[in-house]
K.L.:
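Take this structure, written in structure tokens, and hold onto it; I'll ask about it next.
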Amino acid sequence: MPTILGQNQYGKAENRVVKITRDGATHHIKDLNVSVSLSGDMDDVHYSGSNTNVLPTDTTKNTVYAFAKEHGVDSAEQFGIHLARHFVTSQEPIHRARIRIEEYAWERIDAPGSEGEHSFVRRGQETRLAQITYDGSSWEVVSGLRDLVVMNSTDSEFWGYVKDKYTTLKEAYDRILATEVSARWRYNWTGDAQDMPDWDTSYEQTKRHLLHAFAETYSLSLQQTLYQMGTRIIDHREEIDEVRFSLPNKHHFLVDLEPFGLKNDTADGAVYYAADRPYGLIEGTVLRDGCEARIPADLTNL
Ligand SMILES: O=c1[nH]c(=O)c2[nH]c(=O)[nH]c2[nH]1
């Protein structure tokens, strides 16, 4: 045969699941986008078209919805663990399951006449992410977030950099530092039910440490801020061994108002032009000492 089959996986992507839990008149929402990806003994379907080993992607979709009803959705991670275990342990030909989940947060609308029991507004901040991989013996849980936009209106400088004949950038001793955080963190959980992290607490605390490090770091570069955010998480969350960030530097340029006889100076409240592109893109991993880097460098692949 002139060709052989390489890595392959299949499943139903982007199953949008909204689970309402009723607690008397008070309702709770879990709003997820769940992607299932399975791999195993799938040579035959590729080589000959024999579907003997193929659990239909349609079935994987149905399983996601049925599990949401039967078992509820405690956290994205817990839901993903449940699904991954199910596919690998119930189907002999399936050796590995990867479940990716995006979670959209809702908050209550506290209107005078409704008490917010069943009315919600989509929270505009970040999207929560989880990826669970199980191969029948080992687990990998990588969680994270994207679209978390943050800004420091001062306490940021950038100077002392390399200058060559193409360098025009002026050194900045007081600038805006803004970014849209995309982060992933890898748990060291090995599958032991006794040691399972409280996923929601871990998420909230990790986000809090990341934000506090951003706010508290007097920044000489976005790279330095990145490292501080990662270090703060690793130092405070023993369940996490690795954090990776992708941080677009959302440049804010001082507008030249000289033509209008106006001084535009950072020191007394300046006007900036918020550029959308191009943007600096600062990416990096922070690891617990002695631990291995396993989160892919390109976060769009996770
Ligand atoms: O924080 C920064 N890091 C850089 O590497 C860089 N490069 C640049 O032009 N501006 C900035 N800012």
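For clarity, every value in this text was computed on a predicted model and none was experimentally measured. Just so you know, ligand 1 is whichever comes first in the structure, and atom 1 is the first atom listed for that ligand.
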K.L.:
Less than 4.0 angstrom from a charged side-chain N to a carboxylate O is my criterion; do Arg128 and Glu204 meet it?
P.N.:
no

K.L.:
With a cutoff of 4.0 Å, is Glu157 in contact with ligand 1, counting heavy atoms of the residue only?
P.N.:
no

K.L.:
Any N/O of Ser221 closer than 3.5 Å to an N/O of ligand 1?
P.N.:
no

K.L.:
Look at atom 9 (O) of ligand 1 and say which protein heavy atom is nearest, naming residue and atom and giving the distance to 0.1 Å.
P.N.:
Leu169 CD2, 3.5 Å

K.L.:
Under a 3.5 Å threshold, yes or no: a donor from one side chain and an acceptor from the other, between Ser50 and Thr52?
P.N.:
yes

K.L.:
Distance only, no hydrogens: is a donor on one side chain within 3.5 Å (strictly under) of an acceptor on the other, for Thr285 and Arg244?
P.N.:
yes

K.L.:
Have a look at ligand 1 and work out which part of Leu177, if any, has a heavy atom under 4.0 Å from it: side chain, backbone, both or neither.
P.N.:
neither

K.L.:
If only side-chain N and O atoms count, and only distance matters, is there a donor-acceptor pair under 3.5 Å linking Tyr218 with Glu157?
P.N.:
yes

K.L.:
Does ligand 1 come near enough to Leu222 that some N or O of the ligand is less than 3.5 Å from an N or O of the residue?
P.N.:
yes

K.L.:
What are the atoms of ligand 1, with element, lying closer than 4.0 Å to any heavy atom of Asn249?
P.N.:
1 (O), 2 (C), 11 (C), 12 (N)

K.L.:
Angle class for the His71/Phe67 ring planes (parallel below 30°, perpendicular above 60°, tilted otherwise)?
P.N.:
perpendicular

K.L.:
Would you say ligand 1 has an N or O under 3.5 Å from any N or O of Gln223?
P.N.:
yes

K.L.:
Identify whether the distance between the nearest side-chain nitrogen and carboxylate oxygen of Lys61 and Asp58 falls below 4.0 Å.
P.N.:
yes

K.L.:
Who's the nearest protein heavy-atom neighbour of atom 8 (C) of ligand 1, and how far?
P.N.:
Phe158 CE2, 3.5 Å

K.L.:
Salt bridge or not for Glu171 and Lys163, using N-O below 4.0 Å?
P.N.:
yes

K.L.:
Give me the residue, atom name and distance of the protein heavy atom closest to atom 12 (N) of ligand 1.
P.N.:
Arg175 NH1, 3.1 Å

